[in-house]
Amino acid sequence: MKKIRLLLLLMLLTVYAGAQSAMITLKKGHKTIERYFPGDYINCRLTSGEWMEARITKMYNDSLQLKPFELVQYMNALGIPFTDTLWKNKRNISLNDIDAFPRRDQSVSYIKNGTIFQVIGGGYILLNVINTLSDGDKLFADNNGVNLAVAAAVLALGTIMHTTHTPVLKVGKKYKLQYVELKPTS
């Protein structure tokens, strides 16, 4: 009977010790984009412009204690490249000092950032001009000017999309950081 009580006590302590006490959420409106707990890794840009990769060691209602790290590549004695983690001193960062987070990789990012439209428009213009001039035809004859204008519009659209696309989620009006206190249910 004592062994069963001891086992139950150990199980209870294990569950209690592993319980999370708080989390930080990155939200877009009411939708949660990302959750961060103590012990998680975070990659963010600070208001100073510095990018920081770190492990969250502690959370407070207005700040985080982070242990930054850097992945360093070196060659061992045999000439084989290795990657090692260089841990830096702990830093306390206010939630207000976090400026942005990198966007997750998206499978169609080349469409959203306009690259595909730039390639298609510019490629069509280049091939059209080379083929027209090599055949000895006039550049804007036989409806070719309309084709070049459409290709230029596609190129311009891609350029506008490329300049307005941002690779980060900027904390501010659209994205918010929120501290959430997690209380155990009793």
Donor-acceptor pairs are to be reported for all side-chain atoms of residues 78-89 against protein atoms at under 3.5 Å, with residues two or more places apart or in another chain.
| from | atom 1 | to | atom 2 | distance (Å) |
| --- | --- | --- | --- | --- |
| Lys88 | NZ | Glu70 | OE1 | 3.2 |

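- Between Lys170 and Asp99 the shortest side-chain heavy-atom distance falls below 4.5 Å.
- Atoms CG and CE, on Asp40 and Met23 in that order, are 11.0 Å from each other to the nearest 0.5 Å.
- Considering only heavy atoms from C-beta on, Asn92 stays 4.5 Å or farther from Leu64 through its side chain.
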Kindly list each side-chain donor-acceptor pair under 3.5 angstrom involving residues 141-152, sequence neighbours excluded, with atom names and distances?
| from | atom 1 | to | atom 2 | distance (Å) |
| --- | --- | --- | --- | --- |
| Asn144 | OD1 | Asn128 | ND2 | 2.8 |
| Asn144 | ND2 | Asn128 | OD1 | 3.0 |
| Asn144 | ND2 | Thr132 | OG1 | 3.4 |
| Asn144 | ND2 | Leu139 | O | 2.6 |

Side chains of residues 48-60: which donor-acceptor pairs under 3.5 Å do they make with residues two or more places apart or in other chains?
| from | atom 1 | to | atom 2 | distance (Å) |
| --- | --- | --- | --- | --- |
| Glu50 | OE1 | Arg91 | NH1 | 3.4 |
| Glu50 | OE2 | Arg91 | NH1 | 3.1 |
| Thr57 | OG1 | Gln65 | O | 2.9 |
| Thr57 | OG1 | Gln65 | OE1 | 2.9 |

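- Note that SG of Cys44 is 11.0 Å distant from CD1 of Ile24, once rounded to the nearest 0.5 Å.
- By the 4.5 Å heavy-atom criterion applied to side chains, Tyr41 and Tyr36 are not counted as neighbours.
- Residues Phe101 and Tyr175 place their aromatic rings such that the two centres sit no closer than 6.0 Å.
- At least one donor-acceptor pair closer than 3.5 Å links the side chain of His162 to the backbone N or O of Asn113.
- Here the side chain of Thr25 pairs no donor or acceptor atom with the backbone of Lys27 at under 3.5 angstrom.
- One finds the CD1 atom of Ile125 at 12.0 Å from the CD1 atom of Ile130 (value rounded to the nearest 0.5 Å).
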